[in-house]
J.: 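Here it is: the structure, laid out below.
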Amino acid sequence: MTAKNNRIVSGMRPTGPLHLGHFFGVLVNWLKIQEEHECYFFVADWHALTSEYADPRRIKGFVPELVKDWVAAGLDPQKCVIFHQSQVKEHAELHLLLSMMTPVSWLERNPTYKEMCQQLSQKDLSTYGFLGYPVLMATDILMYKPFAVPVGQDQLPHMELTREIARRFNYLNGEFFPEPQAMLTEEAKLPGLDGRKMSKSYNNGIYLRDCMEEVKPKIMSMLTDKNRLRKNDPGDPEICNLYPYHKLLSSQEKCAEIEEGCRNASWGCVDCKKLLVEKITEFLEPMQERRRKLDENPDHVWQILDEGSKKARAKAKENMEEIRDLLGFKY
Ligand code: TRP
């Protein structure tokens, strides 16, 4: 069964500030999608508990920061529903119901689960909740019966499980959930300052909330083509960490110019970095302006979340009533 709507749902865990990797990997897509679809974007704070359970109070501080990053980046609460997972209690109820019919073996064989266990090896993740992470994710999605979910490649196994859970529910209770498709959006490859993947744990990121005084030295210290020791040595943009940034931020003509200048050594790495500082300034400034406005009124972010959660709750309530009815739990 496919959904006859253009609704999409997606979420992020509130675990820290967003960087350019998040922006070009996920957020650009959300910005495009909000123009074309009925969107539900949410802060997955219950999901953050799977790794932060030992210190749950930490999560609260990350929630408004995540929304601020979103809105500063251009998500518009007039165009999409921005909501707060833990404030739509229906998610807890549907999670329980879905967990009762999800075979443990499906969860144990999930490659994303195995990978996350390895990545977060310093934390004890042998919890019931962590194993059930994809059931909660399936809940977040199915609750709104979307036709698609914009996610990164790494979330595909979770999406497959979501569809399997939907099929099982439908098989047992009659057709109810449409099977949501993953909306795989092209992932921009943006290395961190040191050439590795941009990541909080590598401390190699440029954050959306960084001011230019922070960004400038980061860029000036970036690794470029390591074989290019002197300005007169010809360089190779293909192995330079800086060039992917230009590809995302500078015009095509400028990129062609840079490429040529780098290869024939008429254009040095410092020139290239200075230009990038300019480009990043142009890129971050409107975001910083929106962030300043949000900071002037700290209640505003919570209002956005409250209003969004109200809308999400209305939809969730409607669907939950039907589900209870289907399962004979309407009393
Ligand atoms: N698992 C997602 C991530 O780590 C976050 C998430 C939770 C999510 N629930 C979701 C994403 C529902 C899309 C839809 O990024």
Side-chain angles (χ1 to χ4, degrees), residues 1 3-14 37-50 52-53 56 59-60 63-64 66-67 70 77 80-102 107 128-151 155 158-159 161-180 301-331:
M1 181 169 62
K4 292 176 200 67
N5 64 54
N6 79 343
R7 199 175 311 118
I8 72 107
V9 177
S10 199
M12 281 187 207
R13 281 171 296 150
H37 295 281
E38 179 190 351
C39 295
Y40 286 76
F41 296 122
F42 70 97
V43 179
D45 57 339
W46 276 338
H47 272 107
L49 269 178
T50 53
E52 304 294 328
Y53 63 85
I59 299 169
K60 194 170 189 173
V63 172
L66 183 59
V67 175
W70 287 354
C80 55
V81 177
I82 295 177
F83 78 96
H84 193 176
Q85 182 190 38
S86 68
Q87 298 313 301
V88 182
K89 311 291 180 197
E90 281 79 0
H91 286 230
E93 184 178 355
L94 184 56
H95 171 254
L96 178 137
L97 296 175
L98 296 180
S99 77
M100 293 298 172
M101 31 157 278
T102 304
L107 302 172
Y128 169 56
F130 189 69
L131 181 66
Y133 184 109
V135 184
L136 184 55
M137 178 157 162
T139 301
D140 302 331
I141 296 167
L142 296 176
M143 181 71 90
Y144 303 92
K145 298 184 170 185
F147 87 101
V149 181
V151 281
Q155 301 289 310
H158 287 336
M159 284 307 301
L161 251 166
T162 298
R163 280 193 296 276
E164 279 174 307
I165 291 173
R167 279 197 288 274
R168 187 160 171 99
F169 181 98
N170 291 346
Y171 171 74
L172 295 169
N173 305 293
E175 290 290 313
F176 185 76
F177 291 122
E179 285 179 37
V301 171
W302 292 109
Q303 281 161 5
I304 291 172
L305 273 178
D306 281 350
E307 271 168 40
S309 300
K310 217 176 273 168
K311 289 182 200 159
R313 209 176 293 127
K315 185 110 208 137
K317 188 166 174 257
E318 193 184 301
N319 285 337
M320 259 335 283
E321 265 163 28
E322 285 185 47
I323 294 166
R324 282 182 212 125
D325 199 15
L326 258 179
L327 270 54
F329 274 79
K330 190 171 168 189
Y331 289 101

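All residue numbers refer to positions in the sequence shown, counting from 1.
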J.: Any idea which heavy atoms bring A316 and V88 closest together, and the distance?
T.: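 Distance-wise, the nearest heavy atoms are CB-CG1, 3.8 Å.
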J.: Counting neighbours of NZ on K317 that are heavy atoms of other residues, nucleotides or ligands and sit closer than 6.0 Å, is the number greater than 12?
T.: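 No - once you tally the heavy atoms of other residues, nucleotides and ligands closer than 6.0 Å, there are 12 at most.
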J.: Taking only residues two or more places apart in sequence, or in another chain, which ones meet L305 in a side-chain contact (heavy atoms from CB on, under 4.5 Å)?
T.: V43, V63, V67, I82, H84, W302
J.: Side chain of E179, backbone of R163: donor and acceptor closer than 3.5 Å?
T.: no
J.: Minimum heavy-atom separation for A138 to L98, with atom names?
T.: C-CD1, 4.5 Å
J.: Taking all heavy atoms of F177 and all of A166, pick out the closest pair and write down the distance.
T.: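 That closest heavy-atom pairing would be CB-CB, 4.0 Å.
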J.: Could you note down all residue pairs passing ring-ring contact (aromatic ring centres under 6.0 Å, His included) where residues 131-150 supplies at least one of them, sequence neighbours left out?
T.: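 Residue pairs with at least one partner in residues 131-150: H37-F147, Y40-Y144, H47-Y133, F83-Y144, H91-Y144, Y133-H158.
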J.: With a 4.5 Å cut-off on side-chain heavy atoms, are L107 and L161 touching?
T.: yes
J.: Whether the side chain of S309 engages the backbone of D306 through a donor-acceptor N/O pair (distance < 3.5 Å, no angle test) should be reported.
T.: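 A pair under 3.5 Å: no.
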J.: I need the minimum non-hydrogen distance between L49 and P56, along with the two atoms involved.
T.: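 So the minimum-distance heavy-atom pair works out to CD2-CB, 3.7 Å.
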J.: Give, for atom OG of S10 and atom CD1 of I141, the distance between the pair rounded to the nearest 0.5 Å.
T.: 7.5 Å
J.: Using modelled atom types and a 3.5 Å cut-off, is there a donor and acceptor pairing between side-chain atoms of D325 and backbone atoms of K330?
T.: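 No, the answer is negative, given that no donor and acceptor are paired below the 3.5 Å cut-off.
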J.: Could you check whether any side-chain N or O of R313 sits under 3.5 Å from a backbone N or O of Q87, counting only pairs where one atom can act as donor and the other as acceptor?
T.: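 Judged by distance alone, yes, a pair lies under 3.5 Å.
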J.: Could you check whether any side-chain heavy atom of R13 comes within less than 4.5 Å of a side-chain heavy atom of I59, counting everything from C-beta outward?
T.: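 Heavy-atom side-chain distance check fails, nothing below 4.5 Å.
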J.: Any ion pair linking E93 and R324 (charged N to carboxylate O, less than 4.0 Å)?
T.: yes
J.: Check for a donor-acceptor pair, side chain of N173 on one end and backbone N or O of L326 on the other, with a separation under 3.5 Å.
T.: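 No; zero donor-acceptor contacts below 3.5 Å.
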J.: In Å, rounded to the nearest 0.5 Å, how long is the span from CG of L172 to CZ of R167?
T.: 13.0 Å
J.: Find the distance between CZ (F42) and SG (C80) and round it off to the nearest 0.5 Å.
T.: 13.5 Å
J.: Measuring from L131:CG to T102:OG1, what's the distance to the nearest 0.5 Å?
T.: 10.0 Å
J.: State, to 0.1 Å, how close S86 and D45 come at their nearest heavy-atom pair, and which atoms those are.
T.: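 Closest approach of S86 to D45, heavy atoms only: OG-OD2, 2.6 Å.
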J.: In the structure I gave you, are the side-chain heavy atoms of V81 and C39 within less than 4.5 Å of one another anywhere?
T.: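 When only atoms from C-beta onward are counted, C39 and V81 do not touch, as no gap falls below 4.5 Å.
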J.: Less than 4.5 Å apart, side chain to side chain, heavy atoms only: is that true for E307 and P77?
T.: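 They are not in contact (no side-chain heavy atoms under 4.5 Å apart), so the answer is no.
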J.: Is there a side-chain contact between T162 and P134 (heavy atoms, below 4.5 Å)?
T.: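 No, too far: nothing below the 4.5 Å cut-off.
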J.: Which heavy atom in P146 sits nearest to a heavy atom in P180, and how many Å separate them?
T.: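 Minimum heavy-atom separation between P146 and P180: O-CB, 3.8 Å.
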J.: Decide yes or no on side chain to side chain contact (heavy atoms under 4.5 Å, CB included) for V9 and M143, but give the supporting numbers first.
T.: CA-CA 10 Å; V9 177; M143 181 71 90; over 6 Å; no
J.: Are N5 and E38 close enough that a side-chain donor and a side-chain acceptor fall under 3.5 Å?
T.: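 N5 vs E38: no donor-acceptor pair found between side chains.
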J.: Between K145, M320, E90, R7, which is the residue that forms a side-chain contact (heavy atoms from CB on, under 4.5 Å) with K315?
T.: R7
J.: Measuring from atom CG of L96 to atom OG1 of T139, what distance do you get when rounded to the nearest 0.5 angstrom?
T.: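 Nearest 0.5 Å value for the CG-OG1 distance: 9.5 Å.
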J.: Using the side-chain contact (heavy atoms from CB on, under 4.5 Å) rule, pick out the option among L142, I323, L97 that qualifies with F169.
T.: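 Among the candidates, only I323 passes.
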